[in-house]
Amino acid sequence: METGKEMNYSAGSFQPIIEKCDGCERVVSEEGSTYCKTYTNPAAKWRLGICNFATHAKPEINVVKVRINPLKAAKRASSSRRG
Ligand code: SF4
């Protein structure tokens, strides 16, 4: 069985990386082009948001924390019930 380290990216179905992949450790260069050694189609990987294999960018969890003051919420709930 072959365990060849050398991948022939340019001959395979690997698509060149996109701008956003710049700086990622998974980028490999071959014959003047750059490929991702994890993903054959980096553009598709980024289409839905951040690439989850990116080593240079971490997905920020942009959960907007809506802080509800529990006391106020309780008051509001009880006062609306009164009417
Ligand atoms: S792992 Fe993701 S960010 Fe890194 S080169 Fe591949 S597609 Fe681009």
Side-chain angles (χ1 to χ4, degrees):
M1 211 174 87
E2 255 188 79
T3 52
K5 271 190 283 174
E6 305 253 323
M7 281 281 282
N8 202 357
Y9 293 98
S10 50
S13 51
F14 280 84
Q15 303 290 314
I17 59 151
I18 60 165
E19 229 174 78
K20 289 174 182 156
C21 298
D22 231 13
C24 179
E25 280 171 26
R26 292 176 206 269
V27 172
V28 288
S29 296
E30 194 181 279
E31 290 174 20
S33 293
T34 36
Y35 302 91
C36 168
K37 60 182 172 189
T38 307
Y39 252 90
T40 51
N41 192 350
K45 195 63 204 149
W46 282 92
R47 206 171 292 147
L48 300 172
I50 200 159
C51 170
N52 56 333
F53 284 104
T55 60
H56 63 314
K58 288 269 169 271
E60 299 238 343
I61 302 170
N62 281 327
V63 178
V64 180
K65 284 188 187 162
V66 181
R67 285 185 189 215
I68 298 171
N69 185 325
L71 280 176
K72 271 191 187 169
K75 258 192 203 165
R76 210 178 297 145
S78 65
S79 64
S80 65
R81 236 179 270 139
R82 229 188 290 143

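FYI, side chains are in, hydrogens and waters are out, and symmetry mates aren't considered; it's all heavy atoms of this structure. Order of appearance sets the numbers: ligands from 1, and atoms from 1 within every ligand.
Between the side chain of Glu25 and the main chain of Thr55, no donor-acceptor pair closer than 3.5 Å is present.
Heavy-atom minimum distance, Trp46 versus Ala54: CZ2-CB, 4.2 Å.
Near His56, with a cut-off below 4.0 Å to any heavy atom, the atoms of ligand 1 are 3 (S). Near Phe53, meaning under 4.0 Å from one of its heavy atoms, ligand 1 places the atoms 1 (S). Residue Cys24 approaches ligand 1 through these ligand atoms, each under 4.0 Å from one of its heavy atoms: 1 (S), 3 (S), 4 (Fe), 5 (S). Residue Cys36 has at least one heavy-atom neighbour below 4.0 Å for each of these atoms of ligand 1: 1 (S), 5 (S), 6 (Fe), 7 (S). Listed by atom number, the atoms of ligand 1 under 4.0 Å from Arg26 heavy atoms are 1 (S). Remark: ligand 1 atoms within the under-4.0 Å shell around heavy atoms of Val27 are 5 (S).
For the atom pair Glu31 CD and Tyr9 OH, the distance stands at 13.0 Å (nearest 0.5 Å). Cys21 SG to Phe53 CZ: the interatomic distance, rounded to the nearest 0.5 Å, is 12.5 Å. Summarising the geometry, atom CG belonging to Asn41 is positioned 12.5 Å from atom CD1 belonging to Ile17; distances are rounded to the nearest 0.5 Å. One finds the CD atom of Glu30 at 5.0 Å from the CG atom of Asn8 (value rounded to the nearest 0.5 Å). Taking SG of Cys24 as the start and OH of Tyr39 as the end, the distance is 12.5 Å to the nearest 0.5 Å.
None of the N, O or S atoms belonging to Cys51 lies under 2.8 Å away from atom 6 (Fe) of ligand 1. Residue Cys21 counts as close to atom 8 (Fe) of ligand 1, with an N, O or S atom under 2.8 Å.
Not a single heavy atom of Glu25 sits under 4.0 Å from any atom of ligand 1. The shell of residues lying under 4.0 angstrom from ligand 1, judged by heavy atoms, excludes Tyr35.
In terms of protein heavy atoms, atom 7 (S) of ligand 1 is closest to Pro42 CB, 3.5 Å. Protein heavy atom nearest atom 3 (S) of ligand 1, with residue, atom name and distance: Trp46 NE1, 3.4 Å.
Contacts between Lys20 and ligand 1, counted as non-hydrogen atom pairs separated by less than 4.0 Å, are absent for every part of the residue.
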